[in-house]
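Worksheet: the structure to be examined is printed underneath.
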Amino acid sequence: MSPDKPPPVLRGRGEEERALRRLIDDARAGSGGALLLRGAPGVGKTALLDLAAALAGAAGCRVLRVSGVRSESRLPYAGLHGLLRPVAAGAAVSLPGTQARALVSALESGTAAAGLALPAAVLGLLSAVAAQQPVLACVDDVDLLDPASREVLSFAARRVPGEPVALLFAAREDGLDGVPVRPVGGLDAAAVRELAGDLAPGKIAEDLLAALDQIARGNPLALAELIGSLTPDQLAGLAAPPVTLPRDGRLWREHADRLAALSPEAQRLLLLIAADPGLDVPTLIRAAAPACPLTTLEPAERAGVLHSTGDRYDFRDPALRGVVYHGASLLRRRSAHRLLAGLLEDGPGGESLLEDGPGGESRRLRRAWHRACALDGPAARLADDLAAAALEAHPAHTHPEPYLALERAAELTGPHDPAKAERLAAAARYAWVTGHPQAARSLLARLRDLAAPDELRGRVQLLHGSLELLGGETGSAREELLAAAAWLLDSHRMLGVRALVRAADASYRAGDNRAFIAIARQAAALRRPDETVPTQLMFEYLAGMASTFSGSHREAAAPLRRVVELAGAVRDPAVLVWACIASMLLGEEATAHRLSARAVETARLRGVVSAMPQLLEYTIYPEIWMGRYASVAATAAQGLRLAQETGQLNTAAQHLAWLAITAAVEGDQETCRVRADAAIGLADAHDLGIAGAIGNWALAYLDLAAGRPADAAGRLRAERRNNNHVVIRVMATPHFIEACARTGDHEAAGAALRVLERWVGSTRSPDLRALVSRCRALLAAPGEAEELFREALDLHGQGVYEFEAARTRLLYGSALRRDRRPGAARAHLHAALETFERYGARLWTEQARTELRASGEPVRPAQEATTGQLTAQQLQIARMVAEGATNKEVAEQLFLSRRTVEHHLRNIFSRLGIRSRVELVRLMS
């Protein structure tokens, strides 16, 4: 690589790059060393060697390189020959005679006498070359190098400290005695997205990328080969994603070569493990038979193919499972499934030879699956048994997943059998529920050409609309859901009403109040006196929300209260969400929080993965009002990750927007803008009024905290396109009134206050009434504000809005200071300052300190180092690091880049006055 060419950019390898730079810098400073990069095939070891070579070349180093080759591993000193040949002739003359002869003999004939002569000659040669310019020697696939070369290079690596020489090795498994090892693992989630963006000409959908990474597990080569194998239908979401590595790829060949080196008996056992991941060791022993003991698997363990986990074996690289299974012939696969099905049959007395689930549901599903894969009987009977077992199993059953079992049952069902469409539809529903939207879409696409009754078509349309609602354009989702309701209201009333409410929800997300009200009126005309409890709840929800959107808050209160009352008898998490919204509109945050927690727990127990991101949205609403910003940050980060993995971009937009709000509270201006802009971008693309409004509110909140009230007021004006969601606009009204009051626009503030008063008047919330009193105080005539501020603080004392109470004290203290009553102001300003510091609200802390200084009181120094000084996100990161998480693990869990985590850690250390993770552990404990 030419010195002026920039080094390659490697996604997600910041820590590794810093380690390589240190190695090279130490060599240039005359204090060399050695490092072994160890990782699975395709993980990027060679790319890191390329990076090191580029960095070293740009720094003026001499770079020597060689790669181990299996065919040369039996040739003594072939590796040394490849590495040293470019410099041996010129530098060998400086070696003592014995060493020079040993080196020439090794490189020319592959022979060398025992002793130190050759190892010392190699070390001397490297030192001689380094006397002219520092040396970096890179050895790739050192485990494939001939043993003689490996031994000599190990000797040199242990002695280069103190020399301007760096030795860098890469290997899959084996180490080198005395050489420090740096494991190279898979990329984190952020780096996977960045790499996918580099590899794909267009953006890959998040749910498709998540499906690919289930196979790749962060392996860059695996991800590259999987993306390169995608068909147009897979990219468009019309076909299921790949289930294994492409057979024509380098990684498949690498894995296949490793497997081919194992005995046929070991390969037979590996196929059984691949065919049933739940296979325990006792069952595997029975399957193996005396002629094939488990000791047969020891070479596979030594080769890094398998490892034991409890009473089971598992593949060390998950991609190996697919290579083992799909690389076997159809006959061998059927034979393996037939054997496994036999092990799951009932014994003579009715006992199971393998019992592994309450009531035996798991065993029955596994047995039916293996029999269907073995084609062990008439296709119709196999399909019936498999479909029945799948519908009986828990949705989160891991192997086989019920949607795959139902898909297989549909494949075995005759083309003219009505059950075929039923089974494909059921498979699509299970795929969606368990978080496989790409598979759900591909299954739905296969239903287009099949005859189906109206009721089934309605259910299919409902699923189409639900997918679109959370991942597509809201207008399209509304039309699909209304069409589903028309199909279902007569044949399946509960689902028909649910389709209507989801169509209204599409309007709610878009901020289209008129469409919501129209759907609510349509629903009201369909209502009957004998409705079930969940259906009653949905009708009351539509009525209450429609009245709210019409501005008739007192009229809305009765149906909304009825929704909350009915929620006690409801178990469906999706229906509980609507009760949560009703509680919020009634100003009953504690009830809303309890209902949302119940919905989340119910969904978790049922294995309803697809519902989790949306349910977590509604956990956030009450937490925002109550000022639980640390909890909001954690919930939104989890929701964002799940939403992206399950293709729910509309829900992801909301979680991004809530994360922008928490960043605004903390005063993290850059993070707030990045997240808010991302949320608003998604909102514009998908017609999401609510996500756009939250993102806009976050930016306005940041403006207000940073002392830019005019900018905040401009963002929050009702006529702005990304502030047209009435619910969010009302939630942000106290901030809008404050911004307008500080800029002298009392007319706009007064109009907004009248809207807020109408809503708050229909609730029983002391905290909301406190906000109204605060807003009235900001707009009051001279002499009237103090009584209103006192009223607001009295009401705050009855509620739970601690952070907003502090903001009221800040505004009250500021008003008292301007009224030349500094002594009265200080008590309120000190209380506000203490709260802001505990919340890590940097910009509000600065405002309180500024007001205290203006009141004539020197501001006390910052508190001693305590975790209370950390922002919500910093505290979360500090806790995870103190518990032993690496930067990579923190980044993956919080959906941040490693660089962002490192930035936060530097700030944490600075704020707490510490220098190491050890000190952080001590402080956190």
Side-chain angles (χ1 to χ4, degrees), residues 240 243-244 264-292 312-313 321-357 359-394 397-424 426-427 430 443 446:
V243 296
T244 188
E265 292 79 11
Q267 293 181 40
R268 174 177 173 270
L269 294 182
L270 289 176
L271 180 55
L272 292 173
I273 296 168
D276 193 334
L279 200 61
D280 58 27
V281 169
T283 310
L284 185 60
I285 291 172
R286 287 195 293 273
C292 187
R312 285 172 170 76
Y313 282 104
R321 182 182 302 280
V323 177
V324 169
Y325 184 80
H326 295 283
S329 68
L330 178 59
L331 184 62
R332 288 182 59 216
R333 293 202 301 266
R334 288 181 59 187
S335 176
H337 284 296
R338 186 175 294 110
L339 174 59
L340 291 167
L343 289 169
L344 291 161
E345 292 289 347
D346 291 335
E351 75 279 6
S352 166
L353 296 180
L354 180 61
E355 190 71 43
D356 62 351
E361 294 90 348
S362 175
R363 176 177 54 82
R364 285 194 290 275
L365 178 53
R366 288 169 66 195
R367 181 178 61 199
W369 170 261
H370 289 306
R371 291 193 64 218
C373 291
L375 294 177
D376 192 16
R381 191 182 73 200
L382 293 174
D384 291 345
D385 290 347
L386 184 55
L391 293 170
E392 191 179 73
H394 191 281
H397 187 271
T398 53
H399 183 80
E401 292 187 69
Y403 86 90
L404 291 172
L406 286 162
E407 181 183 17
R408 178 63 175 156
E411 290 167 353
L412 293 171
T413 304
H416 304 298
D417 188 334
K420 189 177 188 72
E422 282 280 358
R423 287 163 183 170
L424 279 175
Y430 269 85
L443 288 162
R446 290 162 59 180

R333 side-chain N/O to A328 backbone N/O, donor-acceptor pair under 3.5 Å: yes
Value rounded to 0.5 Å, distance of CZ in R334 from CG in D376: 8.5 Å
Closest non-hydrogen atom pair, R312 against L279: CG-O, 3.3 Å
For G377 against L382, the heavy-atom pair lying closest together: O-CD1, 3.4 Å
CG on L344 to CG on L365, rounded to 0.5 Å: 10.5 Å
For the student: nearest non-hydrogen atoms of L269 and L284, plus distance: CD2-CD1, 4.2 Å
Flag, side chain of T413 to backbone of A409, donor-acceptor distance under 3.5 Å: yes
Rounded distance [0.5 Å steps], CZ in R321 versus NE2 in H326: 10.5 Å
Mutual orientation of the aromatic rings belonging to H337 and W369 [parallel < 30°, tilted 30-60°, perpendicular > 60°]: perpendicular
Salt-bridge criterion met for R286 and D280 (N-O under 4.0 Å): no
Test: E265 and R268 ion pair at under 4.0 Å: no
Backbone N/O of A275 and side chain of H399: donor-acceptor pair under 3.5 Å: yes
